[in-house]
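For reference, the structure discussed in these notes is given below.
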Amino acid sequence: QQPVQSPQAVILREGEDAVINCSSSKALYSVHWYRQKHGEAPVFLMILLKGGEQKGHEKISASFNEKKQQSSLYLTASQLSYSGTYFCGTVTMTGTASKLTFGTGTRLQVTL
Amino acid sequence: DAGVIQSPRHEVTEMGQEVTLRCKPISGHDYLFWYRQTMMRGLELLIYFNNNVPIDDSGMPEDRFSAKMPNASFSTLKIQPSEPRDSAVYFCASSLTGGNSPLHFGNGTRLTVT
């Protein structure tokens, strides 16, 4: 099954913060986050591995709670360039093979 | 590195025709993925390969779809015969080691079947 993201869409003013959540019904090996701008391919932001680690990328950070099978993406002091659709990608293992399934997506619009 | 290269960028075809999409992954990447993106279904994994071997094709919609990876630098996704509901953007992506490494996406092929 596809991981579920919330909210589906959010509108921010420049400088505001946002949180995007990703929830899976399966045990996760790792979680990826990507951003896709209109008409372009998804672009990698970060990977979180098991262990509840938190990672950061400029003013964008994320956490991964493997017990709850959830991850959250935090956008701080948003900029116009943050606009786009954000996807989580959950990685599950079948034997030695890993499979990445993308979430439903969250559309983020940052305005002046 | 040039990144993942897909061709063609756009394809318009009539229902019933054969369509072949092509992908060249980043050199040295062991995993190759084919995804399809539509407004209704989002980004769906169709099939992925590890070291040229198909690992999971459970996402391939039906027998009209087939994918091959004859060598480490080339993969094809074929639809025969094509139908209007196949219209979508098809992305190819590659990664170094699968789940623990980033996916690098090609620019995609926008397929329109009339």
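Within every chain, numbering begins at 1; the chains are lettered A, B, ... in the order of the sequence lines, protein sequences first and strands thereafter.
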Suppose we count any N or O donor within 3.5 Å of an acceptor, strictly below that value; which pairs fall between chain A and chain B?
residue: A/Tyr29; atom: OH; partner: B/Asn100; partner atom: ND2; Å: 3.2
residue: A/Ser30; atom: OG; partner: B/Gly99; partner atom: O; Å: 3.1
residue: A/His32; atom: NE2; partner: B/Gly99; partner atom: O; Å: 2.8
residue: A/Tyr34; atom: OH; partner: B/Leu103; partner atom: N; Å: 2.9
residue: A/Gln36; atom: OE1; partner: B/Gln37; partner atom: NE2; Å: 2.8
residue: A/Gln36; atom: NE2; partner: B/Gln37; partner atom: OE1; Å: 2.9
residue: A/Ser98; atom: O; partner: B/Tyr48; partner atom: OH; Å: 2.8
residue: A/Ser98; atom: OG; partner: B/Gly99; partner atom: N; Å: 3.0
residue: A/Lys99; atom: NZ; partner: B/Asp56; partner atom: OD2; Å: 3.2
residue: A/Lys99; atom: NZ; partner: B/Ser58; partner atom: OG; Å: 3.4
residue: A/Leu100; atom: O; partner: B/Tyr35; partner atom: OH; Å: 3.0

Exercise for review: Please look at B/Leu103 and chain A and tell me whether the side chain, the backbone, both or neither of the residue comes under 4.5 angstrom of a heavy atom of that chain.
Suggested key: both
**Study point:** Within one Ile-Leu-Val-Met-Phe-Trp-Tyr cluster: B/Leu32 and B/Phe105, side-chain cutoff 4.5 Å
**Key:** no
Point to revise | hydrophobic_cluster_shared for A/Ile60 and A/Leu12, side chain cutoff 4.5 Å | key: yes
Review point. Can you get from A/Phe44 to A/Leu100 by hopping between Ile, Leu, Val, Met, Phe, Trp and Tyr side chains that sit under 4.5 Å apart?
Key: yes
Exercise for review: Determine, using the 4.5 Å side-chain heavy-atom cutoff (strictly less than), whether B/Met60 and B/Phe91 are members of one ILVMFWY cluster.
Suggested key: no
Point to revise | Toward chain A, the part of B/Leu43 with a non-hydrogen atom under 4.5 Å | key: both
**Study point:** same_hphob_cluster(B/Met39, A/Leu108) at 4.5 Å side-chain heavy-atom cutoff
**Key:** no
Point to revise | Most chain B-contacting option - heavy-atom pairs closer than 4.5 Å, from A/Ala41, A/Gly89, A/Gly105, A/Pro42 | key: A/Pro42
